[in-house]
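Notes follow once the structure below has been shown.
The model shown is predicted, which means the values in this text are computed figures rather than measured ones. Sequential numbering from 1 along the given sequence is applied to the chain's residues.
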Amino acid sequence: MEHKGPEIRMVHKEVAQAVNSSLDLRLEKDSNQCPLGYYRLPEMESCDQWLACDDIEERIVVTHTNLGNGLGKSFSKATLDGVPVAFIRTREDKLTSEKIVNRVRLGFENLKMLQPHPRITQLIGYCLAGNTTVMITELGQYGDLRQFLLSSEYKEFTLLQRFDTALQVVEALEYVHESPGGSRINCDMNTVGQALAQFIVLSDFRVVLNDVDDLPAGDSKTNQKSQCVVGRSNINATADHSFEAPERRWPWPGKLPKQIDPAELRAVLKGKVEDYTGNIELKKGSQK
């Protein structure tokens, strides 16, 4: 029987070199960030300033409209000088809802606050006009991470590449927990599937956190509870409570918010809280 040990070792070496090369390329792109207020797409050699309202109107061409609607945002595919990008705006049917309008605007402010970082969707431009928020960002060519893990492309990934995918998710969460705006907690991660859907996969298979609408402060080190703790984990029957971050775990197992003494609720949750209806209750003496 012919012995093929050397040939097998040679194949393994070539595969390892290819994998290491792809990881090196990822790390190189991660380190090549533009300064705050600038962006660079893969086709660009240098950074350019964020697009303003006039730039968006002149240079952005929407190619596929309303491909997906969230609670307050609509997503469309577009091109910037022929390069695919994401066109995100406040849903037109939600422009009269102050709560939704403010949520989308806050999501934009969060995204802007987190720039620039290799694990956060790159902001390319924005326009704020009345109740409408328009954002131009990188496009997740392979959809969200939940979709990507079921794709044929991911099935071809080596073990090391899969580990690197998980590592990028951890890096994103670590950055959010130590963000320029302080320690933040993502309130839209009630289950593993929902958590994966917060990330998108770019054309070069890099993973970035894309949905940052709901990022209130929260810090387990100081026992600061996240404001998303109220009215969600208890009432949302689909939530996987074992998956929740410590900062957002409900302090009163078996009880709904309306069953807790308001003074105790404020004391434990540090002031401003959301009640079980989702309405904002302000600490006495505070201003909107």
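In plain terms, the two heavy atoms of F157 and R162 that are nearest each other are O-NE, 3.5 Å. Considering all non-hydrogen atoms of both residues, D211 and D213 come closest at OD1-N, 3.2 Å. When all heavy atoms are compared, the tightest approach of V104 to G72 is CG2-O, 3.4 Å. Residues R206 and P118 come closest through the heavy atom pair NH1-O, 4.3 Å. What you find for Q168 and F205 is that their closest heavy atoms are NE2-O, 4.2 Å. A129 approaches R105 most closely through the heavy-atom pair N-NH2, 4.5 Å.
Criterion: ILVMFWY side-chain heavy atoms under 4.5 Å apart, direct or through other members. Under it, L67 and F87 are part of a common hydrophobic cluster. Grouping the Ile, Leu, Val, Met, Phe, Trp and Tyr side chains by contacts below 4.5 angstrom, directly or via other members, places L202 apart from L139. Taking hydrophobic clusters as Ile, Leu, Val, Met, Phe, Trp and Tyr residues chained together by side-chain heavy-atom distances below 4.5 Å, I124 shares a cluster with V83. In this structure, V192 is a member of the same hydrophobic cluster as V201, with clusters built from ILVMFWY side-chain heavy atoms closer than 4.5 Å. Residues L71 and F75 are members of separate hydrophobic clusters, defined by side-chain heavy-atom contacts under 4.5 angstrom among Ile, Leu, Val, Met, Phe, Trp and Tyr.
Residues F148 and E153 form a side-chain contact, since some pair of their non-hydrogen atoms from C-beta on lies under 4.5 Å apart. Between I200 and V208, some side-chain heavy-atom pair lies under the 4.5 Å cut-off. Between P116 and Q122, the closest side-chain pair of non-hydrogen atoms is not below 4.5 Å. By the 4.5 Å heavy-atom criterion applied to side chains, T133 and L128 are counted as neighbours. Side-chain contact between N210 and F199 is absent, with no heavy atoms from C-beta onward closer than 4.5 Å. Within the 4.5 Å cutoff, the side chain of V212 has no heavy atoms near those of the R184 side chain. L41 is listed as a side-chain neighbour of V85, based on a closest heavy-atom distance under 4.5 Å. For the pair L215 and L114, the minimum side-chain heavy-atom distance is below 4.5 Å.
With side-chain heavy atoms closer than 4.5 Å counting as contact, directly or through intermediates, L95 stands alone and belongs to no larger hydrophobic cluster. Through ILVMFWY side-chain contacts below 4.5 Å, V101 is grouped with nothing and stands alone.
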Problem set entry | Full working for side-chain contact (heavy atoms from CB on, under 4.5 Å) between Y39 and Q115 | CA-CA 10 Å; Y39 73 94; Q115 301 292 307; over 6 Å; no
Exercise. After noting the C-alpha distance and the side-chain angles of T137 and L111, does the key distance pass the side-chain contact (heavy atoms from CB on, under 4.5 Å) rule?
Worked result: CA-CA 10 Å; T137 68; L111 181 61; 4.0 Å; yes
For this session: Using the side-chain contact (heavy atoms from CB on, under 4.5 Å) rule, take I185 and H177 through it: C-alpha gap first, then chi angles, then the decisive distance, then the call.
Result: CA-CA 7 Å; I185 302 298; H177 289 168; 3.8 Å; yes
Exercise. Run the side-chain contact (heavy atoms from CB on, under 4.5 Å) check on T165 and L145 step by step: do they pass?
Worked result: CA-CA 9 Å; T165 298; L145 186 54; 4.0 Å; yes
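The stretch residues 75-96 participates, sequence neighbours left out, in these side chain to side chain donor-acceptor pair (under 3.5 Å) pairs: R59-D81, R91-D93. Under the side chain to side chain donor-acceptor pair (under 3.5 Å) criterion, no residue pair touches residues 41-50, with sequence neighbours excluded. Residue pairs meeting the salt bridge (charged side-chain N to carboxylate O under 4.0 Å, His left out) criterion with at least one member in residues 127-150: none, sequence neighbours excluded. Listed by first then second residue, pairs satisfying disulfide (SG to SG under 2.5 Å) with a partner in residues 103-168 read C53-C127, not counting sequence neighbours. Every pair passing salt bridge (charged side-chain N to carboxylate O under 4.0 Å, His left out) that includes a residue from residues 109-119 is listed here, sequence neighbours excluded: D30-R119, R119-E171.
Remark: I120 CD1 to N110 CG distance equals 10.0 Å, nearest 0.5 Å. Here CD1 of I56 is found 9.5 Å from OH of Y126. Values are rounded to the nearest 0.5 Å. L51 contributes atom CG, which lies 5.5 Å from atom CG of L80 (distance to the nearest 0.5 angstrom). The distance from atom NE2 of H64 to atom CG of N66, rounded to the nearest 0.5 Å, is 12.5 Å.
Panel note: side chain T121, backbone L209; a donor-acceptor pair is recorded below 3.5 Å. Side chain of S151 to backbone of Q147: no donor-acceptor contact under 3.5 angstrom is found. E156 places no side-chain N or O within 3.5 Å of a backbone atom of S152 that could act as its donor or acceptor partner. Between the Q198 side chain and the D188 main chain, a donor and an acceptor come within less than 3.5 Å of each other. With hydrogens and angles disregarded, a donor-acceptor distance shorter than 3.5 Å links the side chain of N102 to the backbone of E98.
In this view, Y38 satisfies the ring-ring contact (aromatic ring centres under 6.0 Å, His included) rule with no residue, not counting sequence neighbours. By the side chain to side chain contact (heavy atoms under 4.5 Å, CB included) test, S203 pairs with Q141, sequence neighbours left out. For D164, the salt bridge (charged side-chain N to carboxylate O under 4.0 Å, His left out) test picks out R26, with sequence neighbours left out. Judged as a side-chain hydrogen bond (donor to acceptor under 3.5 Å, both in side chains), and not counting sequence neighbours, Y154 has no contacts. Under the side-chain hydrogen bond (donor to acceptor under 3.5 Å, both in side chains) criterion, D54 pairs with no residue at all, not counting sequence neighbours.
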